[in-house]
Amino acid sequence: GHLGLWWSGLLGLVTAYFYVASSLPRVETLSDYRPPLITRIYSDDGTIIAEYSHERRILVSIEKMPWQLVQAFVAAEDSSFFKHQGIDFQSILRAALKNVKAGGIAQGGSTITQQVAKKLLLTSERTFTRKFKEAILAWRMEKALTKEEILYLYLNQIYLGHRAYGVEAASENYFDKNVEQLTLAESAILAGLPQAPSRYSPYRHYQRAMERQKYVLKRMVKEGFITQVEADAAAVEEVAIKPRLNNLL
């Protein structure tokens with residue numbers, strides 16, 4: 001009896017997998033990812049006159065990003081990113097059970113890969129099928145792409161407030177500098193934004209953003225990415241917020 005139930009359950013799961021998997025977007029290569037980019041109009045001397053885009057996004061390679069910026073996001077959003085295979089099955093199972101008990105779909109702990117998968121699925125309804133699709137996509141991405149490629153997609157698409165998508169657009173928005181010029185202190189501010197970009201906006205809520213920054217630095221120390229001395233130095237650094245092109249006003 002129990003074995004029969006187990007087999008029928010497994011069969012149902014496999015059928016569901018193939019049914020759902022056939023409708024998913026391709027993720028075999030980086031070129032399958034097509035983010036909306038920004039159109040810029042330059043004057044004769046090279047200064048930017050205007051920008052047209054629903055989402056402000058400038059793609060930047062992972063090599064151009066300071067490694068501490070990458071580590072800051074990993075520490076804040078998914079500390080086991082370099083160790084796991086795209087999906088933390090236990091956390092999905094826990095979230096699913098919690099959702100069933102709650103009678104709805106609650107937030108489940110998402111890995112960085114799942115967050116990228118979620119964006120590729122375009123819709124954001126919180127259903128079990130949606131979670132299942134996200135899990136399959138994340139698993140496929142981990143098989144097809146390197147960790148660096150997944151981070152490249154993540155760090156170029158993450159929403160960081162005030163119409164800025166990706167770390168380059170956010171770096172220009174808040175600090176009026178390119179991503180490769182970011183200090184550890186500034187990197188930790190950006191890494192604190194994904195959870196609630198408007199709540200932690202350094203432009204609107206400077207003090208709150210600084211508290212969040214200290215949390216990110218603490219996580220980085222815990223993960224062995226930086227030393228306590230580096231964290232302390234970053235925490236006392238005077239960070240200037242310089243809005244550019246009135247994007248934040």
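This is a predicted model, so every value here is computed, not measured.
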With side chains defined as the heavy atoms from C-beta onward, is the minimum distance between [X] and [Y] less than 4.5 Å?
| X | Y | answer |
| --- | --- | --- |
| Thr111 | Ser80 | no |
| Leu153 | Met141 | yes |
| Leu193 | Ile158 | no |
| Tyr152 | Leu145 | no |
| Asn173 | Tyr203 | no |
| Asp78 | Tyr154 | no |

Looking only at atom types and distance, does a side-chain atom of [X] sit under 3.5 Å from a main-chain N or O of [Y], one as donor and one as acceptor?
| X | Y | value |
| --- | --- | --- |
| Gln213 | Gly192 | no |
| Glu237 | Ala234 | no |
| Arg208 | Arg199 | yes |
| Lys64 | Val179 | no |
| Ser79 | Ala75 | no |

Item checked: Met210 vs Ile189, side-chain contact (heavy atoms from CB on, under 4.5 Å): CA-CA, chis, key distance, verdict -> CA-CA 7 Å; Met210 290 304 134; Ile189 291 171; 3.3 Å; yes

Can you name the nearest heavy-atom pair linking [X] to [Y], along with the distance?
| X | Y | answer |
| --- | --- | --- |
| Pro194 | Phe73 | CG-CE2, 3.7 Å |
| Val116 | Ile150 | CG2-O, 4.1 Å |
| Ala138 | Ala117 | N-CB, 4.0 Å |
| Ala240 | Phe175 | O-CD2, 3.7 Å |
| Leu190 | Val167 | CD1-O, 4.1 Å |
| Pro202 | Ala209 | CA-CB, 3.6 Å |

Next item on the list: For atom NZ of Lys218, decide whether the heavy atoms of other residues, nucleotides or ligands shown that lie under 6.0 angstrom number more than 12.
Entry: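 No.
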
Check: Is any NZ, NE, NH1 or NH2 atom of the basic residue among Lys177 and Glu186 found under 4.0 Å from an Asp or Glu carboxylate oxygen of the other?
Finding: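 Salt bridge present between Lys177 and Glu186.
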
Item checked: Parallel, tilted or perpendicular: ring planes of Phe82 versus Phe225, cut at 30 and 60 degrees ->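 Phe82 vs Phe225 ring planes: perpendicular.
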
Next item on the list: Look at the aromatic rings of Tyr159 and Tyr165 and report parallel, tilted or perpendicular, splitting at 30° and 60°.
Entry: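 Taking Tyr165 first and then Tyr159, their aromatic rings sit tilted (interplane angle of 30° to 60°).
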
Check: Taking atom types as modelled, is there a side-chain donor on Thr113 or Glu142 under 3.5 Å from an acceptor on the other?
Finding: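 There is such a pair (donor and acceptor under 3.5 Å, judged by atom type) between the side chains of Thr113 and Glu142.
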
How long is the straight-line distance from [atom2] of [Y] back to [atom1] of [X], given to the nearest 0.5 Å?
| X | Y | atom1 | atom2 | value |
| --- | --- | --- | --- | --- |
| Ile62 | Lys147 | CD1 | NZ | 12.5 Å |
| Gln181 | Glu172 | CD | CD | 10.0 Å |
| Arg212 | Ser201 | CZ | OG | 14.0 Å |
| Gln68 | Thr183 | CD | OG1 | 9.5 Å |
| Met65 | Glu148 | CE | CD | 11.5 Å |
| Leu69 | Gln71 | CG | CD | 9.5 Å |

Note to self: Show, in sequence, the C-alpha distance, side-chain angles and deciding distance for Glu230 and Met220, and conclude whether the side-chain contact (heavy atoms from CB on, under 4.5 Å) test is met.
What the structure shows: CA-CA 10 Å; Glu230 287 174 302; Met220 291 180 79; over 6 Å; no

Note to self: Taking side chain to side chain contact (heavy atoms under 4.5 Å, CB included) as the criterion, tell me which of Asn156, Asn178, Leu155 meets it with Val60.
What the structure shows: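 That would be Asn156; it is the only one of Asn156, Asn178, Leu155 passing the side chain to side chain contact (heavy atoms under 4.5 Å, CB included) with Val60.
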
Note to self: Using the rule given for side-chain contact (heavy atoms from CB on, under 4.5 Å), can you reason through Val239 versus Tyr206, listing the C-alpha separation, both sets of side-chain angles and the distance that settles it, and then say yes or no?
What the structure shows: CA-CA 10 Å; Val239 178; Tyr206 186 81; 4.2 Å; yes

Next item on the list: Check step by step if side-chain contact (heavy atoms from CB on, under 4.5 Å) holds for Arg140 and Lys143.
Entry: CA-CA 5 Å; Arg140 281 183 178 179; Lys143 290 181 90 66; 5.8 Å; no

